[in-house]
Amino acid sequence: MADDFDIGGRSLASRLLIGSALYPSPAIMEQSIRASGAEIVTVSLRREAADGQAGAAFWSIVRDLGVSVLPNTAGCRTVREAVATAEMARELFETNWIKLEVIGDDYSLQPDVFGLVEAAAELVKRGFTVFPYCTEDLVVAKRLVEAGCSILMPWGAPIGTGKGLINPYALGQLRHAFPDIPLIVDAGIGTPSHAMQAMELGYDGVLLNTAVAKAADPVGMASAFKAAVAGGRLAHLAGRMPERDLARPSTPVIGTPFWHQAD
Ligand SMILES: CC(=O)[C@@H](O)[C@H](O)COP(=O)(O)O
């Protein structure tokens with residue numbers, strides 16, 4: 001069964017999006033991205049624009065991977081900075097896609113949701129396809145959609161914590177509220193089971209970076225995430241059993257010597 005992932009005007013086979021930071025070496029980054037099967041790789045404009053040689057080598061690896069690049073506005077703290085960074089990224093990477101980050105708190109790296117909505121509206125007006133990194137707040141999500149975002153990327157947990165889905169209830173509510181908007185959990189994923197949980201909730205994809213880059217074996221972990229995301233998707237499509245409060249035997253009891261039917 002074909003189950004392509006339609007996102008930002010493209011149709012992809014993989015529902016795993018991966019970041020390009022923090023790997024022990026460029027070679028391990030390349031092998032990890034290949035092992036993950038990801039077809040979208042996030043790239044920081046600041047890194048690419050920084051220092052000619054390292055930037056050029058990095059860019060040539062990414063180009064050879066044949067993936068779609070999703071530039072981000074990592075490190076931006078104001079609407080003005082995020083919009084300017086997005087414009088530079090569009091020029092440098094030749095794409096209208098932008099992963100919009102407007103950070104509101106240096107300690108938690110929590111998004112500034114007010115600035116995010118404002119920046120998203122401006123970037124949509126300028127012709128960008130905005131992938132907004134947001135919290136799991138339902139009203140913020142509504143405002144982002146009203147601002148013209150056709151994709152939402154709520155966090156699982158703060159960036160780099162690896163804590164997984166700290167508010168699965170709210171993430172489930174978002175899925176319920178936006179059945180037709182691609183939803184991607186972005187940030188805070190620590191293990192393949194976290195990614196699988198997001199996919200089982202009906203999320204369209206998962207974006208992660210630290211969990212692979214900082215694993216003892218990043219390439220092995222990238223393969224594990226690939227399998228988990230695919231498994232979670234299959235489980236979602238298959239439809240889980242209803243949860244019950246009371247036990248019910250799963251082996252037949254009729255015909256056993258002392259069986260009594262419950263009243
Ligand atoms: C918003 C952001 O920066 C994330 O996309 C980050 O790149 C991935 O977060 P983790 O490193 O926690 O997976």
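Source: prediction; values computed, not measured. Heavy atoms only: backbone and side chains are in, while hydrogens, waters and symmetry mates are out. In each ligand, atom 1 is the first atom listed, and ligand 1 is the first ligand listed.
- Ligand-side atoms of ligand 1 in range of Gly188: 10 (P), 12 (O), range being under 4.0 angstrom from any heavy atom.
- Considering backbone and side-chain atoms together, Ile159 places no N or O closer than 3.5 Å to any N or O of ligand 1.
- Distances between N or O atoms of Lys99 and those of ligand 1 include at least one value under 3.5 Å.
- With hydrogens left out, the protein atom closest to atom 13 (O) of ligand 1 is Asn209 N, 2.9 Å, a heavy atom.
- Using a 4.0 Å heavy-atom cutoff, Leu207 is listed among the residues neighbouring ligand 1.
- With 3.5 Å as the limit, one finds no donor-acceptor pair spanning the side chains of Asn96 and Thr129.
- With respect to Lys142 and Glu146, no salt bridge is recorded, no charged nitrogen being found less than 4.0 Å from a carboxylate O.
- With a 4.0 Å cut-off on non-hydrogen atoms, Asp186 touches ligand 1 through its side chain and not its backbone.
- The pair Asp3-Arg233 counts as a salt bridge, with a side-chain nitrogen and a carboxylate oxygen less than 4.0 angstrom apart.
- In this structure, Glu200 CD and Arg240 CZ are separated by 8.0 Å, a value rounded to the nearest 0.5 Å.
- At the top of the distance list for atom 3 (O) of ligand 1, counting protein heavy atoms only, stands Glu101 OE2, 3.2 Å.
- Residue Gly160 has at least one nitrogen or oxygen atom sitting less than 3.5 Å from a nitrogen or oxygen atom of ligand 1, judged on distance alone.
- Residue Leu208 has at least one heavy-atom neighbour below 4.0 Å for each of these atoms of ligand 1: 13 (O).
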For Arg10 and Ser68: C-alpha separation, side-chain torsions, deciding distance, then whether side-chain hydrogen bond (donor to acceptor under 3.5 Å, both in side chains) applies. CA-CA 9 Å; Arg10 293 177 208 173; Ser68 293; 2.8 Å; yes

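- Note: no N/O pair closer than 3.5 Å links Tyr133 and ligand 1 by distance alone.
- Residues Val113 and Leu144 have side chains not in contact (no heavy-atom distance under 4.5 Å, counting atoms from C-beta outward).
- Ring pair Trp97/Phe131: centre-to-centre distance below 6.0 Å.
- Taking 4.0 Å as the cut-off, Ala211 does not count as a neighbour of ligand 1 on heavy-atom distance.
- One side chain, Glu136 or Asn167, offers a donor N or O that lies under 3.5 Å from an acceptor on the other.
- Among all protein heavy atoms, the one lying closest to atom 9 (O) of ligand 1 is Ala187 CA, 3.3 Å.
- Checking Thr73, Ile184, Leu109, Thr210 against atom 10 (P) of ligand 1, the nearest heavy atom belongs to Thr210.
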List the steps, then state whether salt bridge (charged side-chain N to carboxylate O under 4.0 Å, His left out) holds for Glu122 with Arg126. CA-CA 6 Å; Glu122 179 58 29; Arg126 294 179 184 219; 2.7 Å; yes

